[in-house]
Number of protein chains: 2
Amino acid sequence: MSDTTSVERAFAILETFEREKRALSLKELSEFCRIPASTCHSLVHTLVRRAYLYQTGRRKELYPTRRLYDMGATILAHDEVLLRLLPAMEELRDATRETVILGKRRKEDIVYLEVLESPEVIRYSARPGDTKPLHSTCIGKCMLAAMPANDLGAWLSEHPPYPVTGGTITDSAALLSNLEEGRREGVFTTRGENVADVTALAVPISVNNELYGLAVAGPSHRIDDRFEQVRCCLKDAQQSLLERDLAGHV
Amino acid sequence: MSDTTSVERAFAILETFEREKRALSLKELSEFCRIPASTCHSLVHTLVRRAYLYQTGRRKELYPTRRLYDMGATILAHDEVLLRLLPAMEELRDATRETVILGKRRKEDIVYLEVLESPEVIRYSARPGDTKPLHSTCIGKCMLAAMPANDLGAWLSEHPPYPVTGGTITDSAALLSNLEEGRREGVFTTRGENVADVTALAVPISVNNELYGLAVAGPSHRIDDRFEQVRCCLKDAQQSLLERDLAGHV
DNA sequence: AGTTTTGATTCATATTTGAGAATTATGTTG
DNA sequence: CAACATAATTCTCAAATATGAATCAAAACT
């Protein structure tokens with residue numbers, strides 16, 4: 001399986017600037033990213049040539065240019081999936097005052113594509129691009145539940161549900177019946193299975209015939225108190241996003 | 001000189017999304033970027049693993065995630081140079097109603113780091129990350145004029161000024177005296193030397209003891225009519241940015 | 001200012017990656 | 001629904017890159 005190290009490293013460099021939030025020398029970069037100085041030099045050289053980095057200051061310190069931002073902004077403004085889902089997600093966030101998440105399955109995990117954080121100071125906090133396990137998150141359960149029974153069985157035996165918190169369901173049979181319950185209710189939940197004291201609910205959403213998961217997550221005490229209300233808001237959002245031209249996946 | 005192809009290609013892929021503004025299949029990407037399909041596959045694989053791309057739609061179409069945007073936004077918000085210069089640049093744009101540009105020298109060219117476009121519909125239009133020649137642009141002239149006489153002479157003989165437009169100064173002696181004039185006046189100008197019917201003025205700016213060029217550019221007829229006024233606005237901006245702790249470069 | 005230390009850059013070579021051919025999967029058409 | 005067409009993916013070896021050592025440049029210190 002091909003593994004383009006240099007690309008990974010180029011992004012590691014950019015991510016280092018994102019984390020450090022300041023100009024960095026080649027030396028610092030090579031240390032932060034665990035890249036040999038000579039290799040780091042050639043990567044930086046390429047990034048400067050493409051105008052993603054520029055040299056600021058005497059000591060040849062480096063910092064990214066606006067280019068990355070402008071590219072990201074143009075791309076974001078034309079994301080059809082997000083454009084379609086955002087209004088309903090914002091409404092859902094405002095109705096529940098909890099964090100709303102859009103996620104999608106990759107091979108063996110979930111990626112967050114959009115996160116609208118709750119206005120509360122104590123809230124479920126995450127970032128687009130974060131990845132989570134399939135078996136311990138509510139969006140993950142959406143995805144597992146959408147698999148044909150045979151495939152799901154096979155997947156479970158190859159990927160036995162490992163503990164993430166003390167509350168994670170680590171028994172395959174228990175997970176299967178949890179999924180079945182979710183299918184019946186039309187909503188998948190986690191209670192402290194991925195993060196202690198976090199309860200989250202998710203429903204499947206179909207866009208362009210592709211499956212996504214829409215979730216509401218927050219501190220267990222706030223969610224559990226008004227579980228039915230939150231569940232209804234989520235189902236309403238799901239309903240408003242239903243595509244007429246295709247059947248749901250579940 | 002090392003040339004990390006795979007990194008260049010990874011960014012070529014992202015830039016393709018920026019240009020096309022839609023989801024693309026692997027095949028399309030490999031055609032747009034002139035990358036063999038198998039190679040493109042491994043690059044995309046890496047970008048998906050890092051959550052910079054996600055698969056949208058049945059036919060395995062791809063689109064970038066928000067990750068790029070969020071990273072760019074965080075980085076942009078902490079750019080010390082821009083933070084320092086932006087207020088004066090905005091003021092200058094509002095005072096002149098023309099496009100204001102911040103540029104910096106790389107080895108053999110100028111990179112635009114920031115562009116605040118004029119509110120007029122006919123305006124000088126450019127993007128951060130664009131690169132321009134040294135000898136035909138006003139910011140380039142700032143940079144050349146800051147070189148020690150010997151180095152400048154040597155540079156000119158190795159890089160004879162080639163024509164960009166019909167108006168480009170292609171005679172080294174003429175360019176030298178044009179630079180000298182700029183040094184005397186404290187402002188460097190181009191009139192149709194890089195783009196026909198565009199007049200631009202630039203002054204050198206020093207940040208962290210590093211040289212930048214600040215320019216105002218617009219249609220020649222609009223600028224020439226009020227050259228002195230524009231010049232004064234630019235000099236005012238330069239003055240307001242003067243650092244007390246170090247001498248100018250010129 | 002001379003000396004030392006630190007960081008940037010270059011270079012030759014072992015290692016890894018990239019490209020074409022073959023294979024598999026998916027969607028399309030008769 | 002079968003056969004075709006198109007795209008995605010895997011695999012292997014030639015070719016390009018990554019690396020450590022050496023060199024060069026610039027700060028920091030005495």
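Quick caveat: nothing in here was measured; it's all calculated off a predicted structure. Below, chain A is the first sequence line, B the second, and so on; all start at residue 1.
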How many whole angstroms separate atom CG of B:Leu43 from atom C1' of C:dA19? 12 Å
For the helix from C:dA1-D:dT30 to C:dG30-D:dC1, how many degrees between its two end axes (five pairs per end), to the nearest 10°? 50°
Distance check needed: D:dT9 P versus B:Gln55 CD, whole Å only. 7 Å
Would you say A:His41 reaches C:dA8's phosphate, i.e. side-chain N/O to OP1/OP2 under 4.0 Å? no
Could you state the CG-C1' distance from A:Leu62 to C:dA8, rounded to the nearest angstrom? 11 Å
Take atom NZ of B:Lys27 and atom C1' of D:dT9, then tell me their distance rounded to the nearest Å. 14 Å
Quick check on D:dT9: is either OP1 or OP2 less than 4.0 Å from any side-chain nitrogen or oxygen of B:Lys60? yes
Validation row: B:Leu47, B:Arg50 side chains within 4.5 angstrom (heavy atoms): no
Does any N or O in the side chain of A:Glu28 come within less than 3.5 Å of the main-chain N or O of A:Ser25, such that one atom is a donor and the other an acceptor? yes
Note: B:Glu210-B:Lys104 ion pair, threshold 4.0 Å (strictly below): yes
Hey, is the main chain of B:Gly140 close enough, under 3.5 Å, to the side chain of B:Arg105 for a donor-acceptor pair? no
Kindly point out which of C:dA19, C:dG18, D:dT9 is positioned nearest to the side chain of B:Leu26? D:dT9
In whole Å, what is the span from the CD1 atom of B:Ile13 to the C1' atom of C:dG18? 13 Å
Verify whether one side chain among B:Asn178 and B:Lys141 offers a donor that lies under 3.5 Å from an acceptor in the other. yes
Whether A:Arg9 contacts C:dT16 is assessed here as follows: a side-chain N or O lying under 4.0 Å from the phosphate OP1 or OP2. Is that the case? no
Residue met sooner reading DNA chain C from 5', once A:Ser25 and B:Cys40 are mapped to nucleotides: A:Ser25
What integer distance in Å separates B:Glu28:CD from D:dT6:C1'? 13 Å
Before we go on, tell me: are the rings of B:Phe17 and A:His78 under 6.0 Å apart, centre to centre? no
Apply the test ring pair (Phe, Tyr, Trp, His ring centres under 6.0 Å) to residues B:Tyr54 and A:Tyr112: give CA-CA distance (whole Å), side-chain angles for both, the deciding distance (0.1 Å), then the verdict. CA-CA 10 Å; B:Tyr54 73 105; A:Tyr112 285 177; over 10 Å; no
Does D:dA16 have its OP1 or OP2 closer than 4.0 Å to a side-chain nitrogen or oxygen of B:Thr5? no
Measure the distance from CG on B:Leu53 to P on D:dA8 and round it to the nearest whole Å. 14 Å
Heavy-atom donor-acceptor pair, B:Ser38 side-chain to C:dG18 base, under 3.5 Å: no
Atom CG of B:Leu24 and atom P of D:dT6 are separated, to the nearest Å, by 19 Å
Quick check: on DNA chain C, is the nucleotide nearest B:Thr39 upstream (toward 5') of the one nearest B:Lys107, or the reverse? Name the residue that is more 5'. B:Lys107
